[in-house]
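So you know, we letter chains A, B, ... as the sequences are listed, proteins then strands, and number each from 1.
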Amino acid sequence: MTPAALAELVRTTAADVLSARGVDTSVLPEKVTVERPRNPEHGDYATNLAMQVAKPAGLNPRELAGWLAESLAQRDEITSAEVAGPGFLNLRLAADAQAAIVRDVLTRQAAFGAGELYSGLRVNLEFVSANPTGPIHLGGSRWAAVGDALGRVLTAQGAEVTREYYFNDAGAQIDRFVRSLVATALGEEIPEDGYGGEYIAEIASEVVKSRSDDVLALPAEERDEVFRRVGVGLMFDEIKRSLHEFGTDFDVFFHEDSLHNSGAVAECVQRLKDSGNLYHAEGAWWLRSSEFGDDKDRVVIKSDGAPAYIAGDIAYLRDKSDRGFQLCLYMLGADHHGYVSRLKAAAAAMGQDPDSVEVLIGQLVNLVRHGEPVRMSKRAGTVVTLEDLVEAVGVDAARYSLIRSSVDSAVDIDLDLISKHTNENPVFYVQYAHARLSSLQRNALSLGIDRGDVEAADLALLTHDREGDLIRTLGEFPRVVRSAAELREPHRVARYLEDLASAYHRFYDSCRVLQPGDDQPGPLTIARLQLCEAARQVLANGLSLLGVSAPEQM
RNA sequence: GCCCUCGUAGCUCAGACGGAUAGAGCAAGAGACUUCUAAUCUCUAGGUCGCAGGUUCGAAUCCUGCCGGGGGCGCCA
């Protein structure tokens with residue numbers, strides 16, 4: 001019996017009990033939850049329903065819990081129902097009822113854990129969006145890992161996710177990048193506000209090599225244009241390649257330029273003027289963003305006539321809406337949090353539902369060495385890149401360590417530590433569980449043991465405490481995935497996998513699966529093989545949501 | 001000054017919607033492999049959940065005020 005089924009049973013039972021006593025059942029909450037108590041003495045599952053309902057129903061919580069217990073205890077699936085503390089109801093399930101979770105896993109396989117929370121919802125997920133003025137650094141790496149995992153989690157809830165990378169090729173940052181390239185190619189010093197690092201020299205020389213003519217001999221304007229087009233292209237290719245190698249691929253690379261060139265920006269500006277949400281003052285055009293929740297009004301068209309950065313974003317939002325996205329997610333670093341209300345205000349001014357724009361703010365990644373913070377500087381070239389990280393620890397460990405913490409907390413990456421103690425990354429703990437399970441199935445196969453169909457197995461034999469723990473942990477997976485999607489917090493999946501791996505390792509320690517010397521596997525062996533396969537499947541499903549591999553051997 | 005965010009074990013961090021004795025990994029100490037992968041397991045030690053109030057049957061969680069760290073408050077992008 002799955003937690004969801006149990007919760008439903010508790011709810012219907014409560015409804016029956018209440019109406020039998022003449023109490024209005026509207027006091028029952030929409031969704032009843034059962035939770036796994038930390039203390040095993042408190043049963044397999046517990047519910048606080050009686051305490052929640054007691055007050056509005058005008059009942060004593062312990063008395064109400066007692067009625068519920070009496071009714072629930074009559075069910076075959078439930079072996080005991082006890083009232084505890086101020087009104088908790090502690091439940092124990094029959095082994096065969098509980099093992100329905102194993103059947104569920106093995107029936108649904110890769111689909112186990114998936115849900116329909118966002119069925120058919122069209123989601124635009126924008127993340128990384130770093131300008132191609134240099135390699136992806138640590139901060140960008142975090143979004144690359146978390147954003148991709150979030151995309152997978154949302155997809156598992158039925159959403160149609162488009163992963164999108166926006167870059168601002170119309171702005172001053174690119175200009176600085178181009179000037180740095182040109183200066184390097186000419187053997188001049190890099191401008192004060194330019195970019196340093198070896199990659200600048202490499203790209204500059206590649207731009208020169210890409211031409212049959214002498215690009216440096218061209219008139220300055222023409223020359224710069226070549227460096228811009230070719231240099232940005234090369235840089236972007238490199239970014240795409242390192243992201244791809246990191247396991248993160250995008251569906252759309254969106255150029256800010258295209259919004260200006262297509263006239264989309266001008267059109268949006270006109271719309272805003274027509275609707276009165278844009279006004280002229282001090283030589284510039286201002287968005288009445290303060291009327292839509294922002295701190296102040298924002299300049300959209302500067303007094304020199306050039307569009308401000310937000311102009312592109314307004315048009316971009318509009319473009320996303322035109323493409324039919326119902327939810328636009330942005331993942332930004334904490335240094336951009338001031339942008340949130342602006343973006344929502346822009347959406348509202350354009351007549352869109354501001355709730356369809358959701359900005360996820362993640363704290364920054366700090367580089368630490370020997371416990372001391374290290375300042376990263378693009379100009380000085382002391383930047384740790386995605387490629388450095390992958391080279392130091394590999395894709396799986398890098399992705400996992402970036403995903404497993406909440407983005408609300410700033411994480412410290414100590415390169416010395418991470419490269420020396422790679423085995424301490426919990427990803428290996430989880431992967432090892434999967435490898436062990438894979439090995440187990442291989443061994444069974446080589447012994448000629450066929451676990452057969454799960455329906456034929458006697459799962460009621462799985463009565464050991466560790467078996468029960470493992471089964472109940474498997475049963476948690478669907479709601480973990482659901483909450484990860486709902487809260488946009490993929491790290492929950494990682495934490496869950498660590499729990500699951502632990503439950504499995506503990507089971508493995510106590511419960512022998514393959515009995516040596518037994519030519520004919522007993523029914524317990526078969527049942528345990530089914531359980532093991534279910535555990536392996538869920539580990540694989542979870543790792544897949546994180547974009548981390550599930551190795552068959554280690 | 002205003003806004004966002006964090007503060008939990010020596011370290012790195014979990015604890016969504018208020019629930020029972022606050023957890024994990026690492027680090028420290030002690031144990032467990034002639035048998036399915038010891039990258040594992042078991043045990044010990046380690047805490048005024050930043051501080052102070054408030055809400056209530058019940059607060060790490062919600063509210064208020066302080067303290068401390070990080071970030072942001074441009075006609076930059």
- With sugar-phosphate taken as primed atoms, P, OP1 and OP2 and all else as base, the protein-contact string of nucleotides 4-14 of chain B at under 4.0 Å (heavy atoms; B, S, -) is SSS------SS

- Task: Assign a letter to each nucleotide of nucleotides 37-43 of chain B from its 5' end: B, base within under 4.0 Å of a protein heavy atom; S, sugar-phosphate only; -, no contact.
- Result: BSBSSS-

- Query: So what does the secondary structure string of RNA chain B come out as, 5' to 3', with Watson-Crick or wobble pairs under 3.5 angstrom, [ ] for crossing and | for pairs with another strand?
  - Reply: (((((((..((((.....[...)))).(((((.......))))).....(((((..]....))))))))))))....

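Counting only N and O atoms by type, the side chains of Q431(A) and D396(A) include a donor and acceptor under 3.5 Å apart. Residues S289(A) and R298(A) bring no donor and acceptor atom of their side chains to less than 3.5 Å of each other. Side chain to side chain, N168(A) and E256(A) meet the donor-acceptor criterion of an N or O pair below 3.5 Å. For the residue pair D297(A) / Y279(A), a side-chain donor-acceptor distance below 3.5 Å is found, with atom types taken as modelled.
Close to G74(B), at under 4.0 Å from its OP1 or OP2, lies a side-chain N or O of K296(A). Dashed line: the shortest gap from a side-chain N or O of K302(A) to OP1 or OP2 of A77(B) is under 4.0 Å.
With distances taken from any side-chain atom of W286(A) to the nucleotides U35(B), C75(B), A77(B), the minimum falls on C75(B).
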- Item | Residues T525(A), R451(A); criterion side chain to side chain donor-acceptor pair (under 3.5 Å); working and verdict | CA-CA 8 Å; T525(A) 295; R451(A) 68 172 184 273; over 6 Å; no

- Query: Checking salt bridge (charged side-chain N to carboxylate O under 4.0 Å, His left out) for the pair R488(A)/E358(A): CA distance, chi angles, key distance, verdict?
  - Reply: CA-CA 10 Å; R488(A) 330 290 188 221; E358(A) 210 177 292; 2.6 Å; yes

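With both ends at atom P, the span from A59(B) to G53(B) equals 14 Å, rounded to whole Å. For the C1' atom pair drawn from G15(B) and G25(B), the interatomic distance equals 15 Å after rounding to whole Å.
Regarding Y316(A), its OH atom lies at a distance of 18 Å from the P atom of A77(B), rounded to whole Å. M51(A) has its CE atom 6 Å from the C1' atom of G19(B), to the nearest Å. Rounded to whole Å, the distance from CZ on F88(A) to C1' on G58(B) is 8 Å.
Salt bridge annotation for E126(A)-K320(A): present, with a cationic side-chain nitrogen under 4.0 angstrom from a carboxylate oxygen. Salt-bridge check for R495(A) with D499(A): failed, with every basic side-chain N at 4.0 Å or more from each acidic carboxylate O.
Between Y339(A) and Y330(A), a ring centre-to-centre spacing not shorter than 6.0 Å is recorded.
Paired with F253(A) under the rule ring-ring contact (aromatic ring centres under 6.0 Å, His included), one option of F236(A), F167(A), Y166(A) passes, and it is F236(A).
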